[in-house]
Amino acid sequence: MTTPIVQAKDLARFYTVKGGLLSKPATVKALSGVDFDLQPGKTLAIVGESGCGKSTLARLITMIEEPTSGSLTINGVDIIPSQWSKMRETVQIVFQDPYSSLNPRQRIGQILQEPLIINRPQMTAADRETQARKMIEMVGLRPEHYDRYPHMFSGGQRQRIAIARALMLDPKVLVLDEPVSALDVSIQSQILNLLVDLQERLNLAYLFISHDLSVVRHFADDVIVMYLGRAVEKGPKEQLFAAPRHPYSKALLSTTPRADPDARKERIKLEGELPSPMNIPKGCAFAQRCWLVTDQCRQTLPELDDETHQVACLHPLF
Amino acid sequence: MSLLQIRNLTVEFATSSGSFRAVDGVDLSVDKGELLAIVGESGSGKSVSMLALMGLLPWTATITADEMSFEGRDLSGISARERRKIIGKDMAMIFQEPMSSLNPCFTVGFQIKEALRIHLGLNRKERHERAVELFDQVGIPAPESRLNTFPHQMSGGMNQRVVIAMAIACKPKLLIADEPTTALDVTIQAQILDLLIRLRDEHDMGLVLITHDMGVVAETAERVQVQYAGQKVEEQPVRDLFRTPRHPYTTALLSALPERATSKILPTIPGVVPGQFDRPKGCLFSPRCRFADATCAQTPPTPHAEGFGKARCHHVEKIAAGELV
Ligand SMILES: Nc1ncnc2c1ncn2[C@@H]1O[C@H](COP(=O)(O)OP(=O)(O)OP(=O)(O)O)[C@@H](O)[C@H]1O
Ligand SMILES: Nc1ncnc2c1ncn2[C@@H]1O[C@H](COP(=O)(O)OP(=O)(O)OP(=O)(O)O)[C@@H](O)[C@H]1O
Ligand code: SF4
Ligand code: SF4
Ligand SMILES: [Mg+2]
Ligand SMILES: [Mg+2]
């Protein structure tokens, strides 16, 4: 067994938000008690509804924010803020929106060299250019693209540029926050293939955030289903998709539309919405929407069990 | 008689670099109670063709059509005033950008009540009751108190539901929904789609659903039309389209879906859609089509007869017979 490149233990992130004129400041529990190991060359997907804490987790892993509690180890190093600048090279991020994440006034060559200028000041200009040109080829762009500006590229090409930039410092981990959600199906498949290819060649580990379960099913090795800041189910993709153990995962899978008019549709309708993360109910956070709820669920907070395919539910489906 | 009938719609924009044809000879018809889905690559003219119908394009757009009629009434001949009476009441649209149809300066309650006042002439009390009822229908929790909030105080998903409530406020006969659930979670998406389908069933409403989500298409539509680079390239009943797509673009699009993947590497469509300056002379899909030959590069194909999905392709018959691989 290889050692994990990222190890997260009991990660939590709370935000304090100012109340109204007369109310006290409130605490938003965006993330609580998240554990996982990410192996080199593997993809861990994070799924769940808007606001469940996916991007918050991404900000902790990429060292943009500090966890409120819990520990994070990357490449064997304990991640505390004094280590951030040294360790940031190891973890890079690619965002959903290929339009806003590139500086419109820089040519592609310059965009790609920027991380080297900042992090490898001793490198010569000629070496930087060589590296940038190599990367352009690696992500399937053409040599003449080196001198062009972002607005001259299509959405899919811009996402290639964003991936190329993220790879310039030779990271071990890529955090992909909805990397294909803004793209057409035909372009989406080009980018997913590129990511598969790069992972094989560079042994990259991916933390893959997506709301599209058909993409996750295709792409991930392991999956964490989050609900209101907590992992409610975690396991190998095949098992989780074939037999979800948490009622929420089952509902999520059943509501995902399938591109097959003949597919059997047994949708589980979830009423209501996520409770506010400022006012997380006692007991199981899913209790208000769960069709298996008992009195006990409203009292006891379920923890992930010890199986390989883990669930946090008092009355799991399996 | 179709509820909506469009024949040979073309929209050209005057731009600083010359004229650009965004919609190119599109036909479209929807019956009462029918759900037609429009799918296709980004920029293929889906939104522009519907905005042309609603009379909502800027003056730089030149619109021509052989026919554009609603309930048998010719829309091109009528005055702007007549058109406004139909639009928003009998024919409503949910726009792709929900925030653009909400005014940030007024509460959402005021905005929906205004629509009810103008089109239905309801009194104050009736307007309030109907507004609460509509918010409840689209799944907005605590509808009474939500009426008093401003758009910026709500989440994107909540605003999208307000926009949908406004569009269905006057029980339109035809509803055009442009990516109505794209910004929403699957759980809310399912609620909204159920709602639209229920309205369709209850009021025999015609529904045009523009989406890039083939899953949504498969689960909701009866008929599908596929657009590419401003043209309609194929049209089929939903089962037939997924089972036997006819146009090479549709076939390639479906096989690029991760859901249909048979290996880790997905089949792709190489290249990108042509733009203003690299529009091919012949078939618009020819630079990306694996079946393209000299005829395709030179001569624009015309839509095929019924039975081959009306595919705009020279070689559908040969492809269907397996003569081209
Ligand atoms: N800086 C902040 N201050 C206060 N609350 C925050 C802050 N950042 C995030 N939150 C809250 O934390 C919760 C989790 O947010 P997060 O962005 O991680 O969700 P997400 O799962 O990425 O959602 P989406 O799918 O919409 O991107 C949300 O309720 C959000 O409003
Ligand atoms: N006002 C305008 N002036 C010039 N060109 C325009 C204008 N509005 C739209 N276009 C162009 O018309 C083409 C069709 O646009 P449209 O918005 O209909 O695409 P779409 O099929 O709805 O795409 P998407 O799936 O991204 O919403 C695009 O190339 C677009 O850039
Ligand atoms: S703990 Fe109870 S309420 Fe929570 S998911 Fe399990 S059964 Fe449902
Ligand atoms: S006309 Fe030719 S290029 Fe166009 S879709 Fe048909 S086979 Fe392909
Ligand atoms: Mg997010
Ligand atoms: Mg559009």
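The structure presented is a predicted model; accordingly, all values stated were derived computationally and were not measured.
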- Where do A:Leu202 and A:Met138 land on the side-chain contact (heavy atoms from CB on, under 4.5 Å) test, with the steps shown first? CA-CA 11 Å; A:Leu202 308 172; A:Met138 174 108 92; 4.1 Å; yes
Heavy-atom cut-off 4.5 Å, strictly under: side chain, backbone, both or neither for [X] against chain B?
| X | result |
| --- | --- |
| A:Val196 | side chain |
| A:Leu192 | side chain |
| A:Leu183 | neither |

- Query: Between B:Val233 and B:Phe285, is a side-chain contact (heavy atoms from CB on, under 4.5 Å) present by the stated rule, with each step listed?
  - Reply: CA-CA 10 Å; B:Val233 295; B:Phe285 190 55; over 6 Å; no
- What option among A:Gly156, A:Gly48, A:Gly51, A:Pro257 has the most heavy-atom pairs under 4.5 Å with chain B? A:Pro257
Using only distance (under 3.5 Å, no hydrogens or angles), which donor-acceptor pairs connect chain B and chain A?
unit_1   : atom_1 : unit_2   : atom_2 : d
A:Glu49  : OE2    : B:Thr187 : OG1    : 2.8
A:Ser50  : N      : B:Asp185 : OD1    : 3.0
A:Ser50  : N      : B:Asp185 : OD2    : 2.9
A:Asp184 : OD1    : B:Ser42  : N      : 3.1
A:Asp184 : OD2    : B:Ser42  : N      : 2.8
A:Ser186 : OG     : B:Glu41  : OE1    : 3.4
A:Ser186 : OG     : B:Glu41  : OE2    : 2.7
A:Gln190 : NE2    : B:Ile269 : O      : 2.6
A:Asn193 : OD1    : B:Leu266 : N      : 2.7
A:Asn193 : ND2    : B:Leu266 : O      : 2.7
A:His218 : NE2    : B:Lys264 : O      : 3.0
A:Phe219 : O      : B:Lys264 : NZ     : 3.0
A:Arg258 : N      : B:Glu219 : OE2    : 3.0
A:Ala259 : N      : B:Glu259 : OE1    : 3.0
A:Ala259 : N      : B:Glu259 : OE2    : 2.9
A:Pro261 : O      : B:Arg239 : NH2    : 3.2
A:Asp262 : OD1    : B:Arg239 : NE     : 2.5
A:Asp262 : OD1    : B:Arg239 : NH2    : 3.3
A:Asp262 : OD2    : B:Arg243 : NH2    : 3.2
A:Arg267 : NH1    : B:Asp194 : OD1    : 3.1
A:Arg267 : NH2    : B:Glu219 : OE1    : 3.0
A:Leu270 : O      : B:Gln191 : NE2    : 3.2
A:Glu273 : OE1    : B:Arg161 : NH2    : 3.4
A:Glu273 : OE2    : B:Arg161 : NH2    : 3.4

- In terms of heavy-atom pairs under 4.5 Å with chain A, the winner among B:Leu184, B:Leu266, B:Val216 is B:Leu266
- Name of the residue among B:Leu196, B:Val208, B:Val30 meeting side-chain contact (heavy atoms from CB on, under 4.5 Å) with B:Leu175: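 Only one option passes, and that is B:Leu196.
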- Query: What pairs with A:Arg230 under side chain to side chain donor-acceptor pair (under 3.5 Å), at least two apart in sequence or on another chain?
  - Reply: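 Per chain and number, A:Arg230 pairs via side chain to side chain donor-acceptor pair (under 3.5 Å) with no residue.
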- Item | Pairing residues for A:Tyr15 by the side chain to side chain donor-acceptor pair (under 3.5 Å) criterion, not counting sequence neighbours |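 So A:Tyr15 forms a side chain to side chain donor-acceptor pair (under 3.5 Å) with A:Arg59, A:Glu65.
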- Item | Contacts of B:Phe308 that satisfy ring pair (Phe, Tyr, Trp, His ring centres under 6.0 Å) - sequence neighbours left out | B:His304
- chain A contact via B:Val238 - which portion, at a heavy-atom distance below 4.5 Å: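 For B:Val238, the contact with chain A is made by backbone and side chain together.
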- Message: Under 4.5 Å from any heavy atom of chain A, what part of B:Ile188 do you find: side chain, backbone, both or neither?
- Response: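 Looking at B:Ile188, just its side chain touches chain A.
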- Do the non-hydrogen side-chain atoms of B:Phe291 and B:Ile319 ever get within less than 4.5 Å of each other?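 Yes, at least one pair of side-chain atoms sits under 4.5 Å.
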- Check whether any side-chain heavy atom of B:Leu241 lies under 4.5 Å from a side-chain heavy atom of B:Val226, and answer yes or no.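 Yes, their side chains come closer than 4.5 Å.
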- Message: If you apply the rule side-chain contact (heavy atoms from CB on, under 4.5 Å), what do you find for A:Leu198 with A:Leu174, and how did you get there?
- Response: CA-CA 11 Å; A:Leu198 292 170; A:Leu174 274 196; 6.0 Å; no
